[in-house]
Amino acid sequence: QVQLVESGGGSVQAGGSLRLSCAASEMISSSYCMGWVRQSPGEGRKGVATVHTGDGRTYYADSVEGRFTISRDNAKNTLYLEMDSLKSEDTAMYYCAAVLRTYGSACSLLITRPNFTTWGQGTQVTVSS
């Protein structure tokens with residue numbers, strides 16, 4: 001089974017930027033939804049952004065639309081999350097995740113129900129105001 005390893009988390013002041021990376025241990029086929037999910041203390045996991053590895057469709061949670069950008073480098077088997085204009089409420093553990101989905105439209109559902117099957121270990125993002 002593919003393994004996902006996140007990096008790039010850290011501490012930043014409000015208004016700043018961070019870029020998270022997620023390296024996959026092997027090539028991921030064109031029938032997957034990959035995404036970023038975050039979890040704050042005392043809360044459940046929430047979908048942040050998703051992308052389909054086949055058609056490239058992207059989806060975002062309303063709370064990050066216009067501030068975060070998900071992208072993928074197929075040659076490097078790496079998923080990214082560029083986070084700009086960070087707010088204190090963005091503080092959370094961020095997880096990279098993947099699940100088999102034939103159609104890109106299915107990735108939209110993972111924003112509200114992040115039912116991924118493969119998960120990374122997470123990377124902490126802390127935004128101070």
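- Glu6 and Gly122 make their closest contact through OE1-N, 2.9 Å (heavy atoms, listed as atom of the first residue, atom of the second, distance).
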Inset, instruction - Report the C-alpha distance between Glu82 and Ser71 in whole Å, list the side-chain angles of each, state the deciding distance to 0.1 Å, and finish with yes or no for side chain to side chain donor-acceptor pair (under 3.5 Å). - result: CA-CA 8 Å; Glu82 182 72 38; Ser71 63; over 6 Å; no
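- Side-chain atoms of His52 never come within 3.5 Å of backbone atoms of Met34 as a donor-acceptor pair (strictly under, hydrogens ignored).
- Across Gly47 and Ala61, no two heavy atoms sit closer than the pair O-CB, 3.5 Å.
- To the nearest 0.5 Å, atom CG of residue Asp62 and atom CD1 of residue Ile111 are 9.5 Å apart.
- Here Ser40 contributes atom OG and Arg45 contributes atom CZ; the two are 12.0 Å apart, rounded to the nearest 0.5 Å.
- No donor-acceptor distance shorter than 3.5 angstrom exists from the side chain of Ser128 to the backbone of Ala14, with no hydrogens or angles considered.
- Tyr32 places none of its side-chain heavy atoms less than 4.5 Å from the side chain of Cys107.
- For the pair Arg72 and Thr53, the minimum side-chain heavy-atom distance is below 4.5 Å.
- With Thr50 as the fixed residue, the side-chain contact (heavy atoms from CB on, under 4.5 Å) test singles out one of Leu110, Val37, Val99: Leu110.
- Aromatic ring orientation, Tyr95 versus Trp119: perpendicular (interplanar angle above 60°, classes split at 30° and 60°).
- The minimum heavy-atom distance linking Asn77 with Ile28 is given by the pair OD1-N, 4.5 Å.
- Counting only heavy atoms from C-beta outward, the side chains of Ser105 and Arg57 approach each other to under 4.5 Å.
- The two residues Phe68 and Tyr94 come nearest to each other via the heavy atoms CE2-OH, 4.1 Å.
- Between Tyr60 and Ala49 the shortest heavy-atom distance is CD2-CB, 3.6 Å.
- At distances below 3.5 Å, not a single donor-acceptor pair connects side-chain atoms of Thr58 with backbone N or O atoms of Val51.
- In terms of heavy atoms, Leu18 sits closest to Gly10 at CD1-O, 4.0 Å.
- Distance CG/Leu81 to OG1/Thr123: 11.0 Å, rounded to 0.5 Å.
- For Gln121, the CD atom is densely surrounded, since the number of other residues' heavy atoms within 6.0 Å is greater than 12.
- Interatomic distance, SG of Cys33 versus CG of Asn115, reported as 11.5 Å (0.5 Å rounding).
- One hydrophobic cluster holds both Leu100 and Leu4 under the rule that ILVMFWY side chains link at heavy-atom gaps under 4.5 Å.
- Ile70 and Val125 end up in the same hydrophobic cluster when Ile, Leu, Val, Met, Phe, Trp and Tyr side chains are linked at under 4.5 Å.
- Of the possible donor and acceptor atoms, none in the side chain of Arg38 sits under 3.5 Å from a partner among the backbone N and O of Ala92.
- Linking ILVMFWY residues whenever their side-chain heavy atoms come closer than 4.5 Å, directly or via other members, places Val2 and Leu79 in the same cluster.
- Contact of the Cys22 side chain with the Trp36 side chain is registered, since non-hydrogen atoms from C-beta on lie closer than 4.5 Å.
- At a threshold of 4.5 Å between side-chain heavy atoms, the hydrophobic network of Ile, Leu, Val, Met, Phe, Trp and Tyr places Leu20 and Val64 in one connected group.
- For Thr78 and Asp73, the side-chain atoms include no donor-acceptor pair closer than 3.5 Å.
- A side-chain donor-acceptor contact under 3.5 Å links Arg67 to the backbone of Ser63.
- Between the Ser25 side chain and the Gln3 main chain, a donor and an acceptor come within less than 3.5 Å of each other.
- A 6.0 Å sphere centred on CD of Glu26 holds more than 12 heavy atoms belonging to other residues, nucleotides or ligands.
- To the nearest 0.5 Å, the span separating CE on Met93 from OG1 on Thr126 amounts to 9.0 Å.
- Atom CD of residue Glu89 and atom OG1 of residue Thr91 lie 8.5 Å apart, to the nearest 0.5 angstrom.
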